[in-house]
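In what follows, a structure is listed as structure tokens, so that the remarks can point back to it.
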Amino acid sequence: MRPTTASSLFDDAILVTGAGRRVGLHLARRLMRSGHPVIAHYRSRTEGIDGLEQEGAVCVQADLAVNEDVERLSATVRNVARSLRAVVHNASSFAVTAADPREALVQLDLFYAVHMRAPFALNLALADLLHRCSARHADIVHITDIYADKPNPVFDAYCATKAGLQNLTLSLAKRLAPKIKVNAIQPGPILFKEWHGPEARTRVLAETPMGEEGGAEAIGLAVEAILANHYQTGAVVAVDGGRRLA
Ligand SMILES: NC(=O)C1=CN([C@@H]2O[C@H](COP(=O)(O)OP(=O)(O)OC[C@H]3O[C@@H](n4cnc5c(N)ncnc54)[C@H](OP(=O)(O)O)[C@@H]3O)[C@@H](O)[C@H]2O)C=CC1
Ligand SMILES: Nc1nc2c(c(=O)[nH]1)N=C([C@H](O)[C@@H](O)CO)CN2
């Protein structure tokens, strides 16, 4: 039930960013159906968000490229939860780097804001609520990309900022231990975008040993495993069907 008074504040809630569609929506639904109170962040309102609200999630709109929105999101989380079990940083902007240098720099600023600044700001602002978690450990999960390690130059600005988020995983894992574990998940071909044509899909899957899209549940299983493992921190877990081996 959504918190409406101080007595009904969430305890040990899980914040999922980018929960309006696809992987983030699946993660929010899965965590809620596993019994966790969920705070679902979104940028664009979707039917998925409507459904999460109907199931009892607190849903908060914010553009993570706008610093004031990030501060408002953090304040809202603090108003509805006494403690946090986890924060899953799933929100992401994804695009080929523009050919025009000015446009490319605008993209880099956007990718930095969404993939690095917002997660860093939220982690610092919410660390005390994670420390109050009643479980033995609390978790921060950064969703990065296999291309954080081996960038695709076509997506260089995107990859660089995902690499930055992945590096923050390692620093925060050392800084926040032992109460808070910090880990990264590197998806591979999990869900194609609508604009991926048949040729691109065929090429990608031909280079992927498992030969198929992983689907959002592949990430759901990885998140569940990280939360269940008391001894895992600073880990970077590929969930890619073997694509990084290509
Ligand atoms: N799908 C895949 O195969 C792969 C995914 N990943 C990573 O896995 C995660 C989930 O992937 P996927 O579900 O496909 O991601 P999507 O690109 O489909 O969704 C990402 C979510 O982030 C939100 N978002 C984008 N920009 C902003 C912003 N400025 N402020 C707030 N929210 C924003 C989007 O909101 P809105 O709905 O408004 O657009 C969207 O809901 C991402 O971190 C992605 O980088 C990595 C490798 C492969
Ligand atoms: N935010 C997103 N990041 C990424 C996506 C996506 O759809 N949203 N997709 C990819 C890959 O291209 C994948 O779809 C096929 O390999 C990488 N990152």
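Order of listing sets the numbers, starting from 1, for every ligand and every atom in it.
- Closest non-hydrogen pair, Leu9 versus Arg82, comes out as O-NH2, 3.5 Å.
- Aromatic ring pairs are classed by plane angle as parallel below 30°, tilted from 30° to 60° and perpendicular above 60°; the pair Trp195 and Phe94 is parallel.
- Glu217 CD to Leu27 CG: the interatomic distance, rounded to the nearest 0.5 Å, is 9.0 Å.
- Using a 4.0 Å cut-off between charged nitrogen and carboxylate oxygen, Arg78 and Asp128 count as a salt-bridge pair.
- When heavy-atom distances to ligand 2 are checked against 4.0 Å, the residues falling inside are Arg22, Ser92, Phe94, Asp145, Tyr158, Pro189, Leu191, Phe192, Lys193, His196, ordered by chain and number.
- Residues Ile226 and Ile185 have side chains in contact (heavy-atom distance under 4.5 Å, counting atoms from C-beta outward).
- Taking CG of Leu52 as the start and CE of Met32 as the end, the distance is 5.0 Å to the nearest 0.5 Å.
- The side-chain heavy atoms of His26 and Arg21, taken from C-beta on, include no pair separated by under 4.5 Å.
- Ligand 1 lies under 4.0 Å from heavy atoms of Gly18, Arg21, Arg22, Val23, His41, Arg43, Ser44, Ala62, Asp63, Leu64, Ala65, Asn90, Ala91, Ser92, Val114, Ile143, Thr144, Asp145, Tyr158, Lys162, Pro187, Gly188, Pro189, Ile190, Leu191, Lys193.
- With respect to Arg85 and Asp139, a salt bridge is recorded, a charged nitrogen being found less than 4.0 Å from a carboxylate O.
- Ion pairing between Lys162 and Asp145 fails under the 4.0 Å rule for side-chain N and carboxylate O.
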